[in-house]
*Asks:* 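Please find one structure pasted underneath; my questions will follow.
Keep in mind it's a predicted model, so treat the numbers as computed, not measured.
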Amino acid sequence: MSTTTTIPNCLYRAQDVRQGEQQLAAIYDIDLYQLMERAGKAVFELMLKSYPDAKQILVCCGSGNNGGDGYVVARLAQQYGLSVIVWEKECGHQTSDAARARQLWLATTGTTTLLAPQNIDEIDVIVDGLIGTGLSVTVNDEISQRILWINATQCPVIAIDVPSGLCADTGAILGVAINAAMTVSFIGFKQGLATGQAAQYCGQRYFTDLEVGELFSPLVTASAWHIDATEITTLLPPRSRVAHKGDNGRVVCLGGDHGTFGAIRLCAEACCRTGAGLTAVITQADSALSIVTARPEIMALGWHDDTECLQQKLAWATVAVIGPGLGQSEWSQRLYLAASQNNLPCVVDADGLNLLATMPMVNSLRILTPHPGEAARLLNISIAEIEADRFAAVKLLQQSYGGVVILKGAGTIIYDGEHIFVCTAGNPGMATGGMGDVLSGIIAALIAQGLSLSQAARTGVWIHSKAADLCAQSGERGMLAADLFPFIRQLVNPR
């Protein structure tokens, strides 16, 4: 039974996994308690591998099935020769399998306690089996106090299936949550472990299918798909040996008001580095020369109010980007309105999104790239409401505005109206100015080279995030958006 750090392609809601387990039991006569034994064994083996010098462990058990997994871990650890403390909550409403696991633990001279252990300094590892994947409301006071106690010990914690307090479906914290060093997800990887606060609270994410993956996957439809390098490679084949620049599309980037033309320059250079055949910028007149001087491969045009000239450039283009450094001045609004009157595929970012929020319109040929603050403005709700359920938020954005929506953040989510994709690449070094401008340029260049909006969105997000991970090998702090360019070029040329 293998446990891996590779997140599977298919992601699931917790309830769908539970229903799938019931179907497995009914169709294939699988004993669900044996799956509990396998889950406990997987956690125990990971603990031994990760903390080989551990002498005493604390296993925290709730009344659900992950509490049952915890009793299995405790029994195996005691048989191995470790000192084990089982800290349980009152078990009057245990599931039948959890009760069975508890009885087996007690039958092997195991003991339990309802009180917090006193010898904190002697505990080497904590196993979290307090709350399972069914949590949908704020944790109660008793469990909350236990979670706070566990976090305060600063001992490494292995979370069973999901850190207690983290919603397995949304990645949101429901009051307070275990800050785990590692989390092991079973049978179907829970979608909430891939976005929101999961990166902070899950630690290293592991997965094992408990040897029933091939039976499970045909029974349950995934709720989302994890983006990995496999699909990206198929979408970026080697170029024809007789290709010319006209084969690789033309991108026009609109933005760069006074004082913010660096944003549109970053966007345009990202287009070039991603492989667009030709890239042009429409910006403030006094910014055009600076852009051309810094990057002569970019064609820059200063724009006042020449609508005919703008429409000619848009007619020339394969795809447009509007928003980087655009601002919200009168000039910005005139350019935004003039550029919106066409049927060109476009990527909208930054102040393009803020202007869209004031002038809502549906467009099926558009990719929106909001961060949570911009998403909140587009939906006229709070950032907290966006982050409470990022999956619901991205769906509502797409239903309200059409096209493809990319909800940025830790565990960026893409929704094209049919499928949800999640990217777990990326790191905190990306939290700096200009990163979103680079992403918009990457996506536009991919559209220009023939990818569909959905393909370009998920491929662009992955390339952008993976480039940041490669760049972060020199350190996350101090990373600049322009530092990604060499890695972007590397990733758009897969070998």
*Asks:* Look at the side chain of Thr358 and the backbone N and O of Leu355, then say whether any donor-acceptor pair between them is shorter than 3.5 Å.
*Replies:* yes
*Asks:* Does the pair Lys466/Asp469 count as a salt bridge with the N-to-O cut at 4.0 Å?
*Replies:* no
*Asks:* Might you point out which heavy atoms bring Asn151 and Asn179 nearest each other, and give the distance in Å?
*Replies:* OD1-N, 2.9 Å
*Asks:* Which heavy atom of Asn363 sits nearest a heavy atom of Leu365, and at what distance?
*Replies:* OD1-N, 2.8 Å
*Asks:* Drop me the distance from Ile160's CD1 to Thr133's OG1, to the nearest 0.5 angstrom.
*Replies:* 12.0 Å
*Asks:* Distance only, no hydrogens: is a donor on one side chain within 3.5 Å (strictly under) of an acceptor on the other, for Ser382 and Glu385?
*Replies:* yes
*Asks:* Output every pair passing salt bridge (Lys or Arg N to Asp or Glu O under 4.0 Å) with a member in residues 300-327, not counting sequence neighbours, ordered by first then second residue.
*Replies:* Asp305-Arg334
*Asks:* Looking only at side-chain N and O atoms, does Gln284 offer a donor or acceptor that is under 3.5 Å from a partner on Asp257?
*Replies:* yes
*Asks:* Rounded to the nearest 0.5 Å, what's the gap from CD1 on Ile367 to CD1 on Ile447? Could you check?
*Replies:* 4.0 Å
*Asks:* Quick one: are Phe485 and Asp483 in side-chain contact, heavy atoms under 4.5 Å?
*Replies:* no
*Asks:* Between Arg239 and Gln449, do the side chains contain a donor N or O and an acceptor N or O under 3.5 Å apart?
*Replies:* yes
*Asks:* Indicate yes or no for a side-chain donor-acceptor contact from Asp16 to the backbone of Ala222 under 3.5 Å, with no hydrogens or angles considered.
*Replies:* no
*Asks:* May I have all residue pairs that pass salt bridge (Lys or Arg N to Asp or Glu O under 4.0 Å) and include part of residues 274-300, sequence neighbours excluded?
*Replies:* Glu269-Arg295, Arg295-Glu297
*Asks:* Determine the interplanar angle of the Trp225 and Phe421 rings, folded into 0 to 90°, and report it as parallel if under 30°, tilted if 30 to 60°, perpendicular if over 60°.
*Replies:* tilted
*Asks:* Can you confirm whether Leu235 sits close enough to Leu446 that some side-chain heavy atom of one is under 4.5 Å from a side-chain heavy atom of the other?
*Replies:* no
*Asks:* With rounding to the nearest 0.5 angstrom, report the CD1 to SG distance, Ile413 to Cys423.
*Replies:* 11.0 Å
*Asks:* Would you mind reporting whether Val252 and Leu314 have side-chain heavy atoms less than 4.5 Å apart?
*Replies:* yes
*Asks:* If we only count heavy atoms from C-beta on, is the Ile150 to Ile178 side-chain gap below 4.5 Å?
*Replies:* yes
*Asks:* Quick one about Thr293 and Ser290 (side-chain donor to acceptor, distance below 3.5 Å, no hydrogens or angles considered), yes or no?
*Replies:* no
*Asks:* Answer yes or no: is there a side-chain heavy-atom contact under 4.5 Å between Ile414 and Val405?
*Replies:* no
*Asks:* Ignoring hydrogens and geometry beyond distance, is a side-chain donor-acceptor pair present between Arg390 and Thr195 at under 3.5 Å?
*Replies:* yes
*Asks:* Look up atom CD in Glu387 and atom CG in Leu407, then write down how far apart they are to the nearest 0.5 Å.
*Replies:* 7.0 Å
*Asks:* Between Lys408 and Asp349, does any NZ, NE, NH1 or NH2 come within less than 4.0 Å of an OD or OE carboxylate oxygen?
*Replies:* yes
*Asks:* Donor-acceptor pairs are to be reported for all side-chain atoms of residues 4-12 against protein atoms at under 3.5 Å, with residues two or more places apart or in another chain.
*Replies:*
{"unit_1": "Thr4", "atom_1": "OG1", "unit_2": "Thr6", "atom_2": "N", "d": "3.0"}
{"unit_1": "Thr4", "atom_1": "OG1", "unit_2": "Thr6", "atom_2": "OG1", "d": "3.4"}

*Asks:* Between CD1 of Ile442 and OG1 of Thr274, what distance do you get to the nearest 0.5 Å?
*Replies:* 4.5 Å
*Asks:* Look at the side chain of Arg250 and the backbone N and O of Ala280, then say whether any donor-acceptor pair between them is shorter than 3.5 Å.
*Replies:* no
*Asks:* Is there a side-chain contact between Thr183 and Tyr206 (heavy atoms, below 4.5 Å)?
*Replies:* no
*Asks:* If I compare all heavy atoms of Gly249 with all of Thr318, which pair ends up nearest, and what's the gap?
*Replies:* CA-OG1, 3.6 Å
*Asks:* Quick one: does Val157's side chain get under 4.5 Å of Met182's, heavy atoms only?
*Replies:* no
*Asks:* If you round to the nearest 0.5 Å, how far is CG of Asn248 from SG of Cys272?
*Replies:* 12.0 Å
*Asks:* Checking His371 side chain against Gly436 main chain: does a donor-acceptor pair fall under 3.5 Å?
*Replies:* no
*Asks:* Less than 3.5 Å apart, any donor N or O on the side chain of Asp351 or Gln328 sitting next to an acceptor on the other?
*Replies:* yes
*Asks:* Are Ile126 and Ile158 close enough that some pair of their side-chain heavy atoms sits under 4.5 Å apart?
*Replies:* no
*Asks:* Look at the side chain of Asp416 and the backbone N and O of Val404, then say whether any donor-acceptor pair between them is shorter than 3.5 Å.
*Replies:* no
*Asks:* Under the 3.5 angstrom rule, does the side chain of Thr260 hit a backbone N or O of Gly325 as a donor-acceptor pair?
*Replies:* yes
*Asks:* Picking from Val347, Leu266, Thr279, what satisfies side-chain contact (heavy atoms from CB on, under 4.5 Å) with Cys253?
*Replies:* Thr279
